[in-house]
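Reviewing the structure listed below.
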Amino acid sequence: MTADLNLWPIGNCQVSALIDSKGSFVWGCVPRVDGEPVFSALLGGDTPETGFWSIELQGSATTTQRYERNTPILKTVHDDGAGNVVEIIDFCPRFEHDERLYRPTAFARIVRPVSGSPRIRMRLRAARDWGHAAERTVGTNHIRYQLGEQTLRLTTDAPVGHIQEEGWFRVERAIHFFLGPDESFIGVLGQSVRNMRGRTKREWRHWVRGLATPLEWQEVVIRAAITLKLCQHEETGAIVAALTTSLPEHADSGRNWDYRYCWIRDAYYTVQALNRLGALDVLESYLEYLRNIVDDARNGHIQPLYSVSGATRVPERLEPSLPGYRGMGPVRVGNQAAEQIQHDAYGQIVLSNAQAFFDQRLLRMGGVEDFRALEEVGELAWTVYDKPDAGLWELRTRAHVHTYSAAMCWAACDRLANAAHALGLEDRRAFWQERADTMHAAIEGAAWREETQRISATFGGDDLDASIIQLLDLRFLPPDAPRFRSTLVAVEEGLRRGSHMLRYATEDDFGLPHTAFNVCTFWLIEALSATGRAEDARALFDEMVSRRTPAGLLSEDIDPATGELWGNYPQTYSLVGLINCAMLLSKPWSSVR
């Protein structure tokens, strides 16, 4: 199984899977992204016995992979070097059907002989209960896998005996596999699966066609956008931080977290990036999710994260049955950060909603009732902006008054003033603007350190933290402000390691961090561009583009010394950075006229 993050996501915004460099499914959860893995080999150590779905060519010498253009449909070609070649096409069906979006809990595979007389072996070893082998029963043209509370059925037009026995057999025609709900497959399998592929391809290409991509780095942006879309659970509108759990931030770090949930902060950055591309469907679905979160909030309190259904409880536990990625446990299920106090969430709630009061393209624009609901969020932002919290890096054993969190609370009140003005509520505009002005002065006064000429990451210390760069994106300070420029110099000198940026360089709950946080490098690129260092920004961005996996994606972290990617994958933060920086740095379309 794979020993690195050369992984190719497929999905349909209901389920997803990661396919390794040999064409094997090694990660995928059902019935949705935060469910139990039916494919768990990614966390199964060096030689997992279950939790994968492989299709191997006998004597294979080379394997090549690519996505079909502007889709998440993956094509893998195995060649034995002696003229025997087989092609595998993997996808999750997603298309309009009877005026509804068909996106089943299902995975489809098509195997086609390309040349010679290829012989293959297919092994589907479904997992249940986090790495245990699922029981199976065999029918005439299907195999059923019992996963506890649900059962999946593999329907195929390949010889079922060969599949059951995991034997080698010759492929002389196209064969098809559909792993989905435990019900009889309606229609002719091969024809139906081929039709699903064609309709899925058209659906994705139609979605991409609507993106306002930049002139340069189009392929980079399109692949990042498609993958961000895969991170949305379309049924509810929630956007998960990544498709995986427990991929460590660096070797044997213990920094293994479950990212298959909706962080208010991460989702804000995701919709912000996709808005710049014009992908309003993601924003509209997410705003519906957010409105339910706000409605259900106890006394207006917003958690840092929620389940994709909007549930507040995602209790964290260790799962001992899996050894972890490359044997580097622990494997965590759930995330204790849901119980933390992180005040920046109030700003991100309002910031995500702000566009709805201005954008006339939306099917549902924000109204007075929506504004009144957001005012409750603003009240909490006003109350807590200068109080300690765990911060955006989610420290587990300490709390400070974090400048980033305070600035996000300021942004909540500032944008409420803007929304009130758009609605013609001038008394409320004046109310929120006065609060925002008061907060701005207090934050700048508490965070500025005259002796070191920089803004501190906390009110109580003189700390360097890459999140301070975000004061630019929030419009808390303009790029030509002397205080921002001197702070940027300090942050770059203190946290930059070659072409990469650390979050911070001080010890946290797990000691000193060893890897750089990819989104922080993108924040630096944006700041370099805004402060007149355009050539430096482009060079650094080209470096980050070169660090992508063969699938064109990034994880959360990177080792500055080796360039190896670490952390959960694909990471929405990092993909957001690719999109934002490409949009910022690209030449205009008018330059090619």
Side-chain angles (χ1 to χ4, degrees), residues 1-12 15-30 33 37-48 51-56 63-68 71-78 88-92 107 109 125 127 131 219-220 223-231 240-251 256-260 322-328 331 515 518 544-559 562-575 578:
M1 295 299 159
T2 188
D4 56 34
L5 291 183
N6 183 359
L7 301 168
W8 301 71
I10 64 170
N12 60 7
V15 290
S16 56
L18 298 182
I19 299 173
D20 72 6
S21 58
K22 296 180 181 178
S24 295
F25 284 51
V26 295
W27 182 255
C29 301
V30 294
V33 65
V38 63
F39 308 116
S40 59
L42 184 63
L43 302 181
D46 295 330
T47 55
F52 61 86
W53 186 2
S54 65
I55 298 176
E56 305 159 78
T63 298
T64 59
Q65 292 172 292
R66 65 176 178 86
Y67 284 116
E68 294 191 348
T71 77
I73 301 172
L74 179 63
K75 185 177 293 186
T76 301
V77 177
H78 297 297
I88 304 164
I89 298 166
D90 296 318
F91 68 99
C92 295
F107 310 89
R109 312 194 77 173
R125 297 185 181 180
E219 184 275 331
V220 172
R223 184 52 51 195
I226 288 173
T227 309
L228 286 179
K229 178 68 175 172
L230 291 182
C231 289
V240 298
L243 299 178
T244 57
T245 179
S246 304
L247 300 188
E249 293 182 16
H250 59 84
N256 301 14
W257 314 111
D258 192 347
Y259 277 11
R260 301 169 302 141
L322 285 170
Y325 175 71
R326 292 161 59 175
M328 299 176 188
V331 171
T515 49
N518 286 323
M544 290 302 293
V545 168
S546 74
R547 296 297 187 180
R548 296 177 304 149
T549 65
L553 305 174
L554 288 168
S555 63
E556 182 180 53
D557 306 276
I558 192 168
D559 187 319
T562 66
E564 184 175 8
L565 293 173
W566 290 89
N568 282 309
Y569 175 92
Q571 172 74 7
T572 53
Y573 265 156
S574 302
L575 303 181
L578 287 169

Between the side chain of Arg66 and the main-chain N/O of Ala551, is any donor-acceptor distance below 3.5 Å? no

Taking the side chain as every heavy atom from C-beta outward, state whether Thr245 and Trp27 have any pair of such atoms under 4.5 Å apart. yes

If you round to the nearest 0.5 Å, how far is CG of Leu553 from CG of Leu575? 6.0 Å

Quick one: does Ser40's side chain have a donor or acceptor within less than 3.5 Å of a partner on Pro37's backbone? no

Would a distance-only check, ignoring hydrogens and angles, find a side-chain to backbone donor-acceptor pair under 3.5 Å from Thr515 to Glu249? yes

Compare every heavy atom of Cys29 with every heavy atom of Val15, then report the nearest pair and how far apart it is. CG1-O, 3.7 Å

Check whether any side-chain heavy atom of Phe25 lies under 4.5 Å from a side-chain heavy atom of Ile10, and answer yes or no. yes

Taking ring pair (Phe, Tyr, Trp, His ring centres under 6.0 Å) as the test, write out the residues that go with Trp8, two or more places apart. Tyr67

Run through Asp559, Asn518, Asp557 and flag the one making a side chain to side chain contact (heavy atoms under 4.5 Å, CB included) with Leu565. Asn518

Reported CZ-to-CG distance for the pair Arg223 and Leu578, which is rounded to 0.5 angstrom: 12.5 Å

Carefully, step by step, assess Val240 and Thr572 under the rule side-chain contact (heavy atoms from CB on, under 4.5 Å). CA-CA 8 Å; Val240 298; Thr572 53; 5.8 Å; no

Do Val220 and Arg548 come close enough that some side-chain heavy atom pair is under 4.5 Å? yes

Any side-chain heavy-atom pair from Leu554 and Gln571 closer than 4.5 angstrom? no

Enter the distance from Ser574:OG to Leu228:CG here, rounded to the nearest 0.5 Å. 10.0 Å

By salt bridge (Lys or Arg N to Asp or Glu O under 4.0 Å), which residues pair with Arg125, not counting sequence neighbours? Glu49, Glu166

Validation row: Thr244, Leu43 side chains within 4.5 angstrom (heavy atoms): no

In the structure I gave you, are the side-chain heavy atoms of Leu243 and Cys231 within less than 4.5 Å of one another anywhere? yes

Once rounded to the nearest 0.5 Å, what's the spacing between atom CD1 of Ile55 and atom OG of Ser24? 8.5 Å

Apply side-chain contact (heavy atoms from CB on, under 4.5 Å) to Leu42 and Leu7, showing your working. CA-CA 10 Å; Leu42 184 63; Leu7 301 168; 4.0 Å; yes

Tightest non-hydrogen contact, residues Gly45 and Pro323, listed as N-CG, 3.5 Å

Could you give me the CA-CA distance, side-chain angles and deciding distance for Phe52 and Lys22, then say whether side-chain contact (heavy atoms from CB on, under 4.5 Å) is met? CA-CA 12 Å; Phe52 61 86; Lys22 296 180 181 178; over 6 Å; no

Within-4.5 Å side-chain heavy-atom neighbours: Ser555 and Leu247: no

Thr63: what forms a side chain to side chain contact (heavy atoms under 4.5 Å, CB included) with it, not counting sequence neighbours? Ser60, Gln65, Thr76, His78

Heavy-atom pair with the smallest gap, counting every atom of Arg109 and Asp90: NE-OD1, 2.6 Å

Quick check: do Val30 and Phe107 have side-chain heavy atoms less than 4.5 Å from each other? yes

How long is the gap from OH on Tyr573 to CG on Asn568, to the nearest 0.5 Å? 13.0 Å

Verdict with reasoning, Tyr325 to Leu5, per side-chain contact (heavy atoms from CB on, under 4.5 Å): CA-CA 10 Å; Tyr325 175 71; Leu5 291 183; 3.8 Å; yes

